[in-house]
**Student:** 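This is the structure I have questions about; it appears just below.
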Amino acid sequence: MIFVRKLRGIKMKKLILTILSLIFTTTFLLFGQNTPQNIVVQNNSSDQHETAISFNPNNHNVIMAAWNDFQIEPVKPGYAFSTDGGTSWSHNLIPDIGNYRYGFDPSCAFDNNGNAYYAFIAYKNDPNEKLGPVYISYTSNYGSNWTNYKVSNLLTLQDKCYMTIDNTGGMHDGRIYVTWTDFYNGKNKIKLAYSDNKGASFTIKTIDESVPAQPMDPLAVSLSPTSHEATYVGPLFQSSVPVVASNGDLYVTWLYLDDNHGFGPGKIYIKRSTNGGDSFGSRKTAASFSSGVFGGGYDVGVLRTSSSPTIVIDPATNNIYIAYMALNTSTNYFNIFLVRSTNSGNSWSSPTKLPKPSTGNTQIMPWMAINQNGKISMLYYDAPSSSSVDAYIADIFDNNGSYQITSNKISSVTSNPKNVENPKNKADYVGIISIDETKVIPLWMDFRSNNADIYTCKYYSSSLPGAPSQPQNLQISGNFDDEPILTWDPNTESDVKSGGKYKIYRSFDPVGNTPSNWELAATINAYNGNTPVTTWTDFDALVGGNSHDISYKISAVDNTQKESVPSDVQTIVGRMPKISISNSKKIDSYKLNANYPNP
C-alpha cells in the first residue's frame, strides 16, 4: 500500500494523480469552435416558428420569448419566461381576446419598470373577415395575468408587426412603438402606433406608402379574390422594424420589392423621427439589390426566405447597422450583407458580405443584437444543402468600417427540415438579444426532432476581437483523496493549440452564497504537444463536508494573451483549503531524526 501525506507540494502525489487522471479521463476533440449546450424552450408535438426575444433591462435574468404556436390550430401566440438567465423556461399561450382566439407575427419587449409586452396580429379564423387588428398584451407577473389592448381599428389586411420601447430615460421614455404593413386598395402602407400609457391608447401614423399597384388579370382575381398578392401586381412595402437610438431618435426600416410576387429587384428603406414618431424625415435608401425575396418568392430547398431587414444602433456612437440577405444570381446562393451609417441614416456604406462558414453555401434569416460596447451578434441559418440546416452566430467588431467577423456554430445537431410536415415557412424568423458585454441569448427553430421546435443556448463571446471562444462543459468530480477534479472540452483554435493556456479561477464562499471571492488558482498549458489538456486537480481543496461552497470557472488564453470569457461556473460543496494558500509553504527536503536498521 502506498501512503501519501495530504501536504501541498509533494511531487510524488501530483505524479500519481496525474497518471490516474490520464487513465480515467476521456477527452473529446472538437473540430471548430466550441458549441454551447442547447436548451429546449418549447418542443410540444406541434410546430412553432417566427420567434422574438427580449430581456428585462432591470433584471437581466428575466427573459421573454415569443413565437407562433400550432398546438391549437390554426395558430396561437405562444410565449415563455425564464427567470434564471435562459437556463429554464415556463411556457404558455396568450389567452383568447373575445372572439379573437388566434394570433401570429409575435414581437416582444420590456419597459424600464419590468413590464413585458407582446404585440401580434389577432384574428377570428373567419373566412368572411380579413386577418384582424394589431393587438398588444402586457404582463407584470411573467404571464400569470395579461392585459390586452387593441392597437388599431383598421378594417384592412394588416401584417408583420414589430415593436420596441424607448428605455433611454429621455423625453419619450416608456413610449411603446409598434409598426406593421397595411394593405389597402393596392397600396402598402407602413404604419406606426405609439402609446405612453402601457398600451391603453395609441396614436397612429402613416410612415410611408407605396405607389398604387395595378390589378392583375381577371383569371388571377377569380382564383383568389381576397388575396392582395393575387389581386394586385406592383411594389411591395413589408417587414418594417422600429428601433430607438440612445439619444431617443426613432428609426424605422423596411423592405421594398419592385413587385409583390416575392422576388425581384429591391431596396432597404429607412426613415428617422426626432420627435417620438409624430413626424419623419425623408425616405433614405440604405441598400439596393438586384434579387431580393419575400414570402416564398424564392425558396432554399424546402424553406422560404426573406430579405427583411434587421437593424441595431451602437449606443455609444449612434452608428446604425442594417443586415439583409439577397440572392447571388451567379451562384443561386443567398448571402447576408451588412451596411452602416455614421450620420443618422443620411448616407450608407457599400454592403459587406458576411463570410460564409466553410461548410455552407447559403445563409438566410439574419437577426442582430448589439451590446453596450458596440459588438454586434448576428444569428442566422447556414444551409449547406436543402436537407441540412444549422444555426450560427457571427461576432462582428467594427473598426471604422473594417469588420472582423467570426462565425460560430451554435446548434449542436444539424437539422433536416425535409423531415418536418409542411416545412416551407418553419424557419421564419429568428431572434437574439445581447444582454451584457459577453452574454448573448439566441432563439431559433430547430428540426432535429422532426418538428419545428424552439431552441436557445447561452452563448458567450469575448469583448476582444479574435479572442478564444468560451470553454465548454466544465465539470467537477472528486478523486479517492476527496480533492476536486475539473474536466472540460478542449478549445481547438490554432492560436490556443500553439502556446495557449487555461486560467483556472476558484472561489471559497459560505454555503449557498453567490461566488464572490475569485482568485486565480492556476495557469496551465492548453496542450501538451498535440494532446489537449482537459483536466486539472485542485490539491488545495477537499470535496465533502458542508462548511463552504467551492466554485470554479476557466478561461482560454491564446498565444497573444487574449483571454476568452470564462466558462459557466460550477460549484461543489466542500471544505476550506487544507493549507491556506497565502501562507502555504512547499516542503523542500526531508530528514530522519533517528537511524533505523534495514528490516
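These numbers come from the heavy atoms of this one structure, side chains and all, not from hydrogens, waters or symmetry mates.
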**Student:** Go through Tyr460 and Asp436 one step at a time and tell me if the side chain to side chain donor-acceptor pair (under 3.5 Å) criterion holds.
**Tutor:** CA-CA 10 Å; Tyr460 295 87; Asp436 53 32; over 6 Å; no
**Student:** For Asp111 and Lys198, run salt bridge (Lys or Arg N to Asp or Glu O under 4.0 Å): C-alpha distance rounded to whole Å, both residues' side-chain angles, the deciding distance at 0.1 Å, then the answer.
**Tutor:** CA-CA 9 Å; Asp111 64 20; Lys198 298 182 180 180; 5.9 Å; no
**Student:** Could you give the distance from OG (Ser307) to CD1 (Ile336), rounded to the nearest 0.5 Å?
**Tutor:** 10.5 Å
**Student:** I want to check something: taking the side chain as every heavy atom from C-beta on, are Ile441 and Ile63 in contact at a cut-off of under 4.5 Å?
**Tutor:** yes
**Student:** With respect to Gln158, which candidate in Tyr123, Trp180, Phe183 satisfies the side chain to side chain contact (heavy atoms under 4.5 Å, CB included) definition?
**Tutor:** Trp180
**Student:** Check step by step if side chain to side chain contact (heavy atoms under 4.5 Å, CB included) holds for Leu379 and Ile410.
**Tutor:** CA-CA 9 Å; Leu379 173 63; Ile410 59 168; 3.7 Å; yes
**Student:** Using every non-hydrogen atom in the two residues, find where Leu250 and Gly277 come nearest and quote the distance to one decimal.
**Tutor:** CD2-CA, 4.0 Å
**Student:** Only one of Asp314, Asp398, Thr352 clears side chain to side chain donor-acceptor pair (under 3.5 Å) with Arg340; which?
**Tutor:** Asp398
**Student:** Quick one: do Tyr381 and Met445 satisfy side chain to side chain contact (heavy atoms under 4.5 Å, CB included)? Show the steps, please.
**Tutor:** CA-CA 10 Å; Tyr381 291 113; Met445 278 69 62; 3.5 Å; yes
**Student:** Using the side chain to side chain donor-acceptor pair (under 3.5 Å) rule, take Ser195 and Asn197 through it: C-alpha gap first, then chi angles, then the decisive distance, then the call.
**Tutor:** CA-CA 6 Å; Ser195 172; Asn197 54 10; 2.8 Å; yes
**Student:** Could you verify whether a donor N or O on one side chain and an acceptor N or O on the other, from Ser107 and Asp105, lie under 3.5 Å apart?
**Tutor:** no
**Student:** In terms of the angle between their ring planes, are Trp254 and Phe237 parallel, tilted or perpendicular, with boundaries placed at 30° and 60°?
**Tutor:** tilted
**Student:** Can you confirm if the aromatic rings of Phe70 and His49 lie within a centre distance of less than 6.0 Å?
**Tutor:** yes
**Student:** Taking Ser210 for the side chain and Leu236 for the main chain, is one N or O donor matched with an acceptor at less than 3.5 Å?
**Tutor:** no
**Student:** Can you check side chain to side chain contact (heavy atoms under 4.5 Å, CB included) on Asn319 and Ile313, steps first, answer last?
**Tutor:** CA-CA 6 Å; Asn319 289 345; Ile313 301 178; over 6 Å; no
**Student:** Within 45° of the ring axis of Tyr100 and under 6.0 Å from its six-membered ring centre, is that where the NZ or CZ of Lys124 lies?
**Tutor:** yes
**Student:** With a 3.5 Å cut-off and no angle check, do the side chains of Tyr194 and Asp278 form a donor-acceptor pair?
**Tutor:** yes
**Student:** Are side-chain N/O atoms of Ser564 and Gln470 paired as donor and acceptor at under 3.5 Å?
**Tutor:** no
**Student:** Look only at the side chain of Ser239 and the backbone of Ser308, and say whether a donor-acceptor pair between them is shorter than 3.5 Å.
**Tutor:** no
**Student:** Please find the pair of heavy atoms, one from Thr168 and one from Ala245, that lie closest to each other, and give the distance.
**Tutor:** CG2-O, 3.3 Å
**Student:** Assess the residue pair Asn58 and Asn112 against the criterion (side chain to side chain donor-acceptor pair (under 3.5 Å)); give the C-alpha distance rounded to whole Å, side-chain angles, the decisive distance to 0.1 Å, and a yes or no.
**Tutor:** CA-CA 7 Å; Asn58 296 322; Asn112 272 332; 5.0 Å; no
**Student:** Are any side-chain N or O atoms of Lys458 and backbone N or O atoms of Gln37, one a donor and one an acceptor, separated by less than 3.5 Å?
**Tutor:** no
**Student:** Okay, side chain of Thr51, backbone of Gly431: is any donor-acceptor separation there less than 3.5 Å?
**Tutor:** yes
**Student:** Please say whether more than 12 non-hydrogen atoms of neighbouring residues, nucleotides or ligands are located less than 6.0 Å from OH in Tyr403.
**Tutor:** yes
**Student:** Quick one about Asn188 and Glu209 (side-chain donor to acceptor, distance below 3.5 Å, no hydrogens or angles considered), yes or no?
**Tutor:** no
**Student:** Could you give the distance from CD1 (Ile432) to CG (Leu443), rounded to the nearest 0.5 Å?
**Tutor:** 10.0 Å
**Student:** Measure the CD1-CD1 distance between Ile370 and Ile311 for me, rounded to the nearest 0.5 Å.
**Tutor:** 10.5 Å
**Student:** Walk me through it: do Ile268 and Tyr256 pass the test side chain to side chain contact (heavy atoms under 4.5 Å, CB included)?
**Tutor:** CA-CA 6 Å; Ile268 302 297; Tyr256 162 82; over 6 Å; no
**Student:** Drop me the distance from Thr147's OG1 to Asn145's CG, to the nearest 0.5 angstrom.
**Tutor:** 7.5 Å
**Student:** Ignoring hydrogens and angles, tell me if any N or O in the side chain of Asn167 forms a donor-acceptor pair with the backbone of Phe110 under 3.5 Å.
**Tutor:** yes
**Student:** Starting at CD1 of Ile190, measure out to CD1 of Ile207 and round the result to the nearest 0.5 Å.
**Tutor:** 7.0 Å
**Student:** Could I get the full list of salt bridge (charged side-chain N to carboxylate O under 4.0 Å, His left out) partners for Lys191, not counting sequence neighbours?
**Tutor:** none
**Student:** Under a 4.0 Å N-O cut-off, is there an ion pair linking Lys356 with Asp382?
**Tutor:** no
**Student:** Is the shortest distance from a Lys or Arg side-chain nitrogen in Asp166 or Arg175 to a carboxylate oxygen in the other one below 4.0 Å?
**Tutor:** no
**Student:** OG/Ser152 to CZ/Phe202 distance, rounded to the nearest 0.5 angstrom?
**Tutor:** 9.5 Å
**Student:** Taking atom types as modelled, find out whether Tyr79 and Asp69 have a side-chain donor-acceptor pair closer than 3.5 angstrom.
**Tutor:** no
**Student:** Check whether any side-chain N or O of Asn56 sits under 3.5 Å from a backbone N or O of His60 as a donor-acceptor pair, and report yes or no.
**Tutor:** no
**Student:** Test your reading of the model: is there a side-chain donor-acceptor pair from Thr285 to the backbone of Ala287, 3.5 Å cut-off?
**Tutor:** no
**Student:** With sequence neighbours excluded, what pairs up with Pro106 under the side-chain contact (heavy atoms from CB on, under 4.5 Å) test?
**Tutor:** Glu50, Ala66, Asn68, Tyr118
**Student:** On the six-membered ring of Trp518, is Lys553 placed so that its NZ or CZ lies under 6.0 angstrom from the centre and within 45° of the ring axis?
**Tutor:** yes
**Student:** Looking only at the aromatic ring of each residue, does the gap between the centers of Phe337 and Phe289 stay below 6.0 angstrom?
**Tutor:** no
**Student:** Please identify each residue that fulfils side-chain hydrogen bond (donor to acceptor under 3.5 Å, both in side chains) with Thr181, with sequence neighbours left out.
**Tutor:** Gln238
**Student:** Quiz question: by atom type and distance under 3.5 Å, do the side chains of Asp249 and Thr274 form a donor-acceptor pair?
**Tutor:** no
**Student:** Which of these, Trp367, Phe120, Tyr177, sits in a ring pair (Phe, Tyr, Trp, His ring centres under 6.0 Å) with Tyr162?
**Tutor:** Trp367
**Student:** Establish, yes or no, whether a centroid distance under 6.0 Å links the rings of Trp89 and Tyr455.
**Tutor:** no
**Student:** Donor-acceptor pair, distance only, cut-off 3.5 Å: does the side chain of Thr139 make one with the backbone of Ala116?
**Tutor:** no
**Student:** Begin with the C-alpha distance, continue with both residues' side-chain angles, and end with the deciding distance and a verdict on side chain to side chain donor-acceptor pair (under 3.5 Å) for Asn400 and Ser402.
**Tutor:** CA-CA 6 Å; Asn400 295 321; Ser402 177; over 6 Å; no
**Student:** Has the side chain of Thr253 got a donor or acceptor atom that lies under 3.5 Å from a matching backbone atom of Tyr269?
**Tutor:** yes
**Student:** Tell me whether Ser82 contacts the main-chain N or O of Ser88 through its side chain, where contact means a donor paired with an acceptor under 3.5 Å.
**Tutor:** yes
**Student:** Hey, are Asn148 and Trp146 close enough side-chain-wise for a donor-acceptor pair under 3.5 Å?
**Tutor:** no
**Student:** Would you call the rings of Tyr392 and Tyr380 parallel, tilted or perpendicular, where under 30° means parallel and over 60° means perpendicular?
**Tutor:** parallel
